[in-house]
There are 2 protein chains.
Amino acid sequence: MKNLFENISLKNKEKLFKIFRASTVKFTKGINIIDYMDRTNSIGIIDTGSIDIIQTDYDGNETLIDELKENDIFGSTIYSIVLSDECSIITKDNTNVTFIDYREIENAEFIKSDFYITFVQNLLAIIFEQMSFKNKRIDILTKKTIRNKLLTYFKQLSKEQGSKSITLPFSLSHLARFISVDRSAMIREIKYLKEEGMIDQKTKKIRLYY
Amino acid sequence: MKNLFENISLKNKEKLFKIFRASTVKFTKGINIIDYMDRTNSIGIIDTGSIDIIQTDYDGNETLIDELKENDIFGSTIYSIVLSDECSIITKDNTNVTFIDYREIENAEFIKSDFYITFVQNLLAIIFEQMSFKNKRIDILTKKTIRNKLLTYFKQLSKEQGSKSITLPFSLSHLARFISVDRSAMIREIKYLKEEGMIDQKTKKIRLYY
DNA sequence: TGCAAAAAGTTGCAAATGCAACATTTGATA
DNA sequence: TATCAAATGTTGCATTTGCAACTTTTTGCA
C-alpha cells in the first residue's frame, strides 16, 4: 500500500508540511478525534494506528461507517454530510494523525516542485484505493439478503486471495458490522450455508464450493 | 461541479490527450460500454450523457451499483473486483466518454507543465466529490430498516437543499433502487411515515417534520 | 497457567421485508 | 387528444431478519 510521503525526502516532507499547514498529533487509544480537528477544511492522514468512524442515531444505535488504517485518509471534504454531530472518530490503538489544510492543495506556491507532484500523485493513488474499497462495500450492502451479502463478500475475498480457500481479515462479529447485519442472524445464515454444502467454515477459515 | 478540463485550454487539452493516450468515443443510448474498453488500465470520464453500472448475479437479479453523470469517472482502477463479468456499463442517453490510460498519470513526461498540474488537481476534486457521494450512500445502506434508510436519505437531502422541504432528484422507483429495497415495501413505509406525521409527501415533494 | 473479556454460537419470537399480483395515475408522443 | 408505457400505489402472505437472552469457546495477558 502506498504511503502519502512515498519517494519524498524528509526535508521535502517538512516543506510540504509547511505548505499545507500540516501538524501531526498523537492520540492514545479510545479518543474521539473529531474534537481535535478543524471540521471544515482539514484532511487527516493516519500515519500509524487505526480508527473507526461510528455514527450514533437518535435511538442510540451505532453504525460502523468506516474503519481506517495506516495511510487512509478522512475528513470533512470526503465525508461531508456524514461527519455531522452524530459522528465520532474513535482511535482503536495509539494513533498518529497528520492534518493538512485541504485548500492549500489548490493554491500552493511550490506547485512546480518535484515533491509536490509526487505528493499529489501519492494522494491520488491512496484515494483510488479507498474508492475501490468503498465500491466493494457498496456491492455487498446493496444485496438484499444476508446470504447474498456473505456470498458477495466471500467472492471478493476469493478473488483477492486467489483461492477458493479464504481467510477472513477480521472476526465474525466484525464481519457482521462490516456488512451491516445482525451478528447472530449472520452466524445462523453461515450455518445454513454449511448445511447446504455451499461452504466449509471454521472461525476465520472458509472454503467455497460454489 | 468541476470539469476534468476546467481551466485548461483546448490546445493543452489536446496535449493531455496525447500524454494519456486518450480517445473520446460516442455511444448511443443503451450500449454496454464495457465491451469497448480496456478493462485493466483505462479510466473513463463522461463528457456528456449518463450511464448505469449494473450487476447481474447468477439468478438474474440486477443491482444498481452506481449511476454516473457528466464529469464522473469510472474504470477498473476504481471498481476493481466489481467490474467483473457480471457487470455491465449501460448508457442511459447518447453519451460521450473519454478514456485515458491511467498508468500515464504516474509517468508523464510533461509533468511539470501548468496544465498537467491543473489536470491532476481537477481529477482530485472530482474524485473527492465521488468519494463524498459514496460515503453518503454507504451511510444509507448500513441502516437496517427501510425507515431508517429513508430518514437518513431525507436528512442528507435536507442538509444539501438547506430546507425541511425537499425535492427528490429522481423518481420513487429510482429511490428504491438507490437505497436497495423493494419498491412496494418502500412506498408502504413512506405511507406509515405520513400516517405518523413524520413527513408529508406528494410524489417528489417531501416535507420533514422531524 | 489461570482468569476475565471478547468472540462464537444457539434459539424463540415478533417485526420487517420481499415478492407477486394487482389497480390506478401520470406522462410522453404519435 | 387518444394511447401506451412507465411510475405510483395497494395488499396478502411467506420468508427473512433483528433482537434478546442465553451457553460455550477462544483469546489476550497478568
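To find a chain, count down the sequence lines: A is the first, B the second, and so on, and within it residues start at 1. The structure presented is a predicted model; accordingly, all values stated were derived computationally and were not measured. These values consider heavy atoms only, across backbone and side chains, with no hydrogens, waters or symmetry-generated copies.
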Original post:
Is any side-chain N or O of A/Lys191 closer than 4.0 Å to OP1 or OP2 of C/dT11?
Top reply: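 Yes, A/Lys191 has a side-chain N/O under 4.0 Å of OP1/OP2 on C/dT11.
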
Subject >> Residue-phosphate contact under 4.0 Å: A/Ser173 side-chain N/O, C/dA8 OP1/OP2 >> reply: yes

Using atom [atom1] of [X] as one end and atom [atom2] of [N] as the other, report the distance to the nearest whole Å.
X        : N      : atom1 : atom2 : value
A/Ile146 : C/dA16 : CD1   : P     : 16 Å
A/His174 : C/dA8  : NE2   : P     : 11 Å
A/Ile190 : C/dA8  : CD1   : P     : 9 Å
B/Arg183 : C/dA16 : CZ    : C1'   : 18 Å
A/Leu172 : C/dA8  : CG    : C1'   : 7 Å
B/Ile187 : C/dG18 : CD1   : C1'   : 14 Å
A/Arg177 : C/dA6  : CZ    : P     : 12 Å
B/Leu193 : D/dG9  : CG    : C1'   : 16 Å

**OP:** Starting at CZ of A/Phe27, measure out to CD1 of A/Ile33 and round the result to the nearest 0.5 Å.
**Re:** 4.5 Å

Original post:
Where each residue is assigned the nucleotide of DNA chain D containing its nearest heavy atom, which of B/Thr203 and A/Val181 is assigned the position nearer the 5′ end?
Top reply: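 Nearer the 5' end of the strand: B/Thr203.
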
Original post:
Which comes earlier along DNA chain C counting from the 5' end, the contact point of A/Lys202 or that of A/Arg188, where each point is its nearest nucleotide?
Top reply: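 First, find each residue's nearest nucleotide; the 5'-ward one identifies A/Lys202.
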
Original post:
Between the base of C/dA6 and the side chain of A/Ser171, is there any donor-acceptor pair under 3.5 Å?
Top reply: no

Original post:
Less than 6.0 Å separating the ring centroids of B/Phe154 and B/Tyr210?
Top reply: no

Original post:
Does the A/Gln161 side chain pair with the main chain of A/Thr167, one donor and one acceptor, at a distance under 3.5 Å?
Top reply: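 Yes: the side chain of A/Gln161 pairs with the backbone of A/Thr167.
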
Original post:
Does the side chain of A/Asp93 pick up a donor-acceptor pair with the side chain of A/Thr95 at under 3.5 Å?
Top reply: no

